[in-house]
Amino acid sequence: WTQLASTNITMANTVTAGLAVCSHDNAALNTSTFDNVTTPAYVFSESEGLAFTYNSAGTTGTNTDANASGGAFIFLNATAVNDWIEFALPSANAGTYDVKMACKTYTARGTLSLSIDGVIVGSNFDEYSSGTAYPTHDFGNATLSSGSHLIRLKVTGKNASSSAYTITADDFTLTPQ
């Protein structure tokens with residue numbers, strides 16, 4: 001066999017894949033063995049399904065929202081810069097991942113940084129929006145060791161038009177690179 005190409009495809013949490021074989025003879029049964037077939041460990045976690053801690057004078061909780069993935073998202077009603085919320089991410093294989101986070105943007109939102117195990121990934125993300133939206137922000141690549149990890153969202157400021165420092169997290173997606 002000669003590999004001609006490879007590509008990464010983002011899929012749902014559970015997929016079924018089939019590998020077809022053919023003997024080109026309707027009277028013959030074909031038995032085949034496949035080796036060197038890999039499926040990279042894609043990590044997807046709903047924020048409301050993760051354990052979390054926070055450091056803020058504000059409150060935190062789960063908001064039910066039909067437009068959020070999984071029907072809910074986590075919020076931190078932060079009161080100042082440097083307030084944070086940290087999620088315990090389940091085990092991931094060692095490797096480099098593209099890190100994405102979905103959230104609910106709104107008029108009362110802060111700007112945040114995302115770090116994994118203390119290492120900042122990408123640049124700050126402003127969750128302020130003049131209306132309600134549910135974007136997925138791509139923070140860029142992070143290289144992880146094998147095992148569990150901590151994702152921290154830290155308030156870095158707020159848009160001049162924002163009325164609060166609140167930050168939200170809907171889900172996290174780590175795609176192998």
In this structure, would [X] and [Y] fall into the same cluster of hydrophobic residues linked by side-chain contacts under 4.5 Å?
| X | Y | answer |
| --- | --- | --- |
| Y128 | V81 | no |
| F52 | V121 | yes |
| I151 | Y42 | no |
| I85 | V99 | yes |
| V155 | Y54 | yes |

Those residues that, when tested against K158, pass side-chain contact (heavy atoms from CB on, under 4.5 Å) (two or more places apart):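 side-chain contact (heavy atoms from CB on, under 4.5 Å) list for K158, sorted by chain: S162, Y165.
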Which atom of [X] lies closest to which atom of [Y], heavy atoms considered:
| X | Y | value |
| --- | --- | --- |
| S69 | F44 | OG-CZ, 4.5 Å |
| L50 | A88 | CD2-O, 3.4 Å |
| G140 | D98 | O-OD1, 3.4 Å |
| L144 | Y97 | CD1-CD1, 3.8 Å |
| A72 | E48 | O-OE1, 3.1 Å |
| E46 | G70 | OE2-N, 3.4 Å |

Are side-chain heavy atoms of [X] and [Y] found at a separation under 4.5 Å?
| X | Y | value |
| --- | --- | --- |
| S45 | P90 | yes |
| R109 | D126 | no |
| S130 | S161 | no |
| S47 | D171 | no |

Residues in ring-ring contact (aromatic ring centres under 6.0 Å, His included) contact with F125, at least two apart in sequence or another chain: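 Partners of F125 by the ring-ring contact (aromatic ring centres under 6.0 Å, His included) criterion, ordered by chain and then number, come out as H137.
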With sequence neighbours excluded, residues passing ring-ring contact (aromatic ring centres under 6.0 Å, His included) with F172: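 F87.
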Between N93 and S146: side-chain donor-acceptor atoms closer than 3.5 Å: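 Checked: N93/S146 side chains show no N/O donor-acceptor pair below 3.5 Å.
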No-hydrogen, no-angle side-chain donor-acceptor test under 3.5 Å, N77 and T59: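 Result is yes, a qualifying pair exists.
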Side chain to side chain donor-acceptor pair (under 3.5 Å) partners of residues 82-92, not counting sequence neighbours, each pair once: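 Qualifying pairs, neighbours excluded: S56-D83, T79-D83, E86-R152.
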Residue among T166, I167, I74 satisfying side chain to side chain contact (heavy atoms under 4.5 Å, CB included) with T60: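 Among T166, I167, I74, the one meeting side chain to side chain contact (heavy atoms under 4.5 Å, CB included) with T60 is I74.
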Main-chain N/O of K104 paired with T168 side-chain donor or acceptor, under 3.5 Å: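 Checking the backbone N and O of K104 against the side chain of T168, a donor-acceptor pair under 3.5 Å is found.
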Euclidean distance, D170 CG relative to D65 CG, rounded to 0.5 Å: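 Atom-to-atom, D65:CG and D170:CG are 8.0 Å apart.
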Rounded distance (nearest 0.5 Å) linking atom OG1 of T156 with atom CG of N124: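 One finds 3.5 Å between OG1 of T156 and CG of N124.
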With sequence neighbours excluded, residues passing salt bridge (Lys or Arg N to Asp or Glu O under 4.0 Å) with D138: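 Here no residue qualifies.
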Identify each donor-acceptor pair in which a side-chain atom of residues 110-120 lies under 3.5 Å from a protein atom, sequence neighbours left out, and give them as a table.
residue, atom, partner, partner atom, Å
D117, OD1, L150, N, 2.9
D117, OD2, H149, ND1, 2.5

Flag if over 12 foreign heavy atoms under 6.0 Å of OH, Y134: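 Enclosed: over 12 neighbouring heavy atoms sit under 6.0 Å from OH of Y134.
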Aromatic plane relationship, F75 with F73 - under 30° parallel, 30 to 60° tilted, over 60° perpendicular: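 Ring orientation, 0 to 90° scale: perpendicular.
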